[in-house]
Amino acid sequence: MTIALKHLILSNTPSNCRFEYLDVNDGFASLGDSFDVIHMRAVGVWIQDQVRLVRDVARVLKPGGVLLWTGGDFDLYTEDYGKLPRVEEGKEGWCARHAILHQYQEATLQVEKRSITVSRTWLALDLSTSRKQGRKLHGINDFKTHLGDSEHFTYRGQEDAFCPIGVWKEDTPETAWKQVGALFALNMGRMLPILGNLLVQSGTDKETIDRWLATVKEEIETCNPKTQALFRHLWAVRTEVEWTPSAATLAEAA
């Protein structure tokens, strides 16, 4: 079963596969407790309460079941796998893609209370959420901590994947890096205008964002600078500890 916020256009769906449309922030109470594997990909940044999410997953995952979690870092990395440095605009090494991503992170820390929704996309973000939780936006380390703290999971490990943005990395027998790079460039080209729109709505200067987005297009087309995105994969196994509702869950039900 697949859960998503947006209805997908699908063909040739297997008979043993179905799709549900819901917001994971509302919990999984309607799904029962019958899953052997749960795979969560690129959702961590939009979770309002990651501790609650871990408990909600434990509720529907069978003992011995496997949780696979994948999250992307909002920092970019060089071709040598180092974190791309923060550089002021106009100075050597400045990257428009990195500037927008960092500006977006800063917005989540500075805005006290503001809700922004972009109707033409699935993205709906309360910019105050991350600030109130005191966590970084990307949360790739936070989720690991929450799994380790939970009595319902045994943490098994992690693996990091660095993916080129743009067609600049040579293919290997194991990986078609040029195809990977093309897909990540396409994704970046779609995501950054959405983030730029959110930043403008939250008060960032529109001329600045427009200038950065124009540079983003050039950077992606020329692969200059060469950058990589980091995706962290975590996995854990559900313990035999029985799930019981938390005090917060009981209060919500009251």
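Computed from heavy atoms alone, side chains included, the values below leave out hydrogens, waters and symmetry copies. All residue numbers in this chain count up from 1 along the given sequence.
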Within-4.5 Å side-chain heavy-atom neighbours: Phe162 and Thr227:
no
From Ile209 CD1 over to Leu199 CG, what is the distance, rounded to the nearest 0.5 angstrom?
5.0 Å
Got Phe74 and His98 here, is their nearest side-chain heavy-atom distance under 4.5 Å?
no
Enter the distance from Cys95:SG to Glu219:CD here, rounded to the nearest 0.5 Å.
4.0 Å
Working for side chain to side chain contact (heavy atoms under 4.5 Å, CB included), residues Arg97 and Thr215
CA-CA 8 Å; Arg97 287 166 287 171; Thr215 305; over 6 Å; no
I want to check something: taking the side chain as every heavy atom from C-beta on, are Asn197 and Gln201 in contact at a cut-off of under 4.5 Å?
yes
Under 3.5 Å, side chain of Asp36 to main-chain N/O of Lys62, donor-acceptor pair present?
no
Answer yes when Glu89 and Arg211 have at least one side-chain N-carboxylate O distance shorter than 4.0 Å, and no when they do not.
yes
Please test Asp160 against Tyr77 for side chain to side chain contact (heavy atoms under 4.5 Å, CB included), starting from the C-alpha separation and ending with a verdict.
CA-CA 12 Å; Asp160 289 345; Tyr77 290 76; over 6 Å; no
On a heavy-atom basis, the closest approach of Ala161 and His233 is CB-NE2, 3.8 Å
Are Thr78 and Lys226 side-chain neighbours, meaning at least one heavy-atom pair lies under 4.5 Å?
no
Establish, from distance only, whether the side-chain atoms of His152 and Thr239 form a donor-acceptor pair under 3.5 Å.
no
When rounded to the nearest 0.5 angstrom, what distance separates CH2 in Trp69 from NZ in Lys144?
11.5 Å
Could you walk me through whether Trp235 and Phe153 satisfy the side chain to side chain contact (heavy atoms under 4.5 Å, CB included) test, starting with their C-alpha distance in whole Å, then the side-chain angles of each, then the deciding distance to 0.1 Å, before giving a yes or no?
CA-CA 10 Å; Trp235 54 96; Phe153 287 98; over 6 Å; no
Are Val51 and Ile38 grouped together when hydrophobic residues (ILVMFWY) are joined by side-chain heavy atoms under 4.5 angstrom apart?
no
Is it true that Ile165 and Val180 fall in one hydrophobic cluster, defined by side-chain heavy atoms closer than 4.5 Å?
yes
Below 4.0 angstrom, N of the basic side chain to O of the carboxylate: do Asp75 and Lys83 qualify?
yes
Transitive ILVMFWY side-chain link Ile100 to Val200, under 4.5 Å
yes
For the residue pair Ser150 and Arg55, confirm or rule out a side-chain donor-acceptor distance under 3.5 Å.
no
Give a yes or no on this: more than 12 heavy atoms of other residues, nucleotides or ligands lie within 6.0 Å of atom CD of Gln179.
no
Which of these passes side-chain contact (heavy atoms from CB on, under 4.5 Å) with Met40: Thr70, Leu53, Leu68?
Leu53
Heavy-atom nearest pair, Leu61 first then Phe35, reads CD1-O, 3.3 Å
Distance-minimising heavy-atom pair for Glu240 and Pro63:
OE1-CB, 3.5 Å
Would you mind reporting whether Leu101 and Met191 have side-chain heavy atoms less than 4.5 Å apart?
yes
What heavy-atom pair brings Val167 and Cys223 nearest, and what distance separates the two atoms?
N-SG, 3.6 Å
I want to check something: taking the side chain as every heavy atom from C-beta on, are Arg232 and Glu159 in contact at a cut-off of under 4.5 Å?
no
Under-4.0 Å salt bridge between Glu79 and Lys169
no
Taking all heavy atoms of Val216 and all of Ala96, pick out the closest pair and write down the distance.
CG2-CB, 3.7 Å
Any idea which heavy atoms bring Cys163 and Trp177 closest together, and the distance?
CA-CZ3, 4.3 Å
Would you check, one step at a time, whether the test side chain to side chain contact (heavy atoms under 4.5 Å, CB included) holds for Thr204 with Leu198?
CA-CA 9 Å; Thr204 304; Leu198 289 170; over 6 Å; no
Are Trp243 and Val241 connected, step by step, through hydrophobic side chains (Ile, Leu, Val, Met, Phe, Trp, Tyr) whose heavy atoms are closer than 4.5 Å?
no
Can you find a heavy atom in the side chain of Ile220 that is under 4.5 Å from one in the side chain of Met188?
yes
Out of curiosity, Asp205 CG to Trp212 CH2, how far, rounded to the nearest 0.5 Å?
9.5 Å
Path from Leu76 to Leu183 over hydrophobic side-chain contacts below 4.5 Å
no
Determine the sole option in Val37, Leu147, Val237 for which the side-chain contact (heavy atoms from CB on, under 4.5 Å) test with Leu67 is passed.
Leu147
How long is the gap from CZ on Arg59 to CZ on Arg238, to the nearest 0.5 Å?
11.5 Å
Side chain to side chain donor-acceptor pair (under 3.5 Å) between Arg86 and His102, worked out:
CA-CA 9 Å; Arg86 297 192 181 196; His102 279 154; 3.2 Å; yes
Measuring centre to centre across the rings, with the benzene-like ring taken for any Trp, is Phe231 within less than 6.0 Å of Phe184?
yes
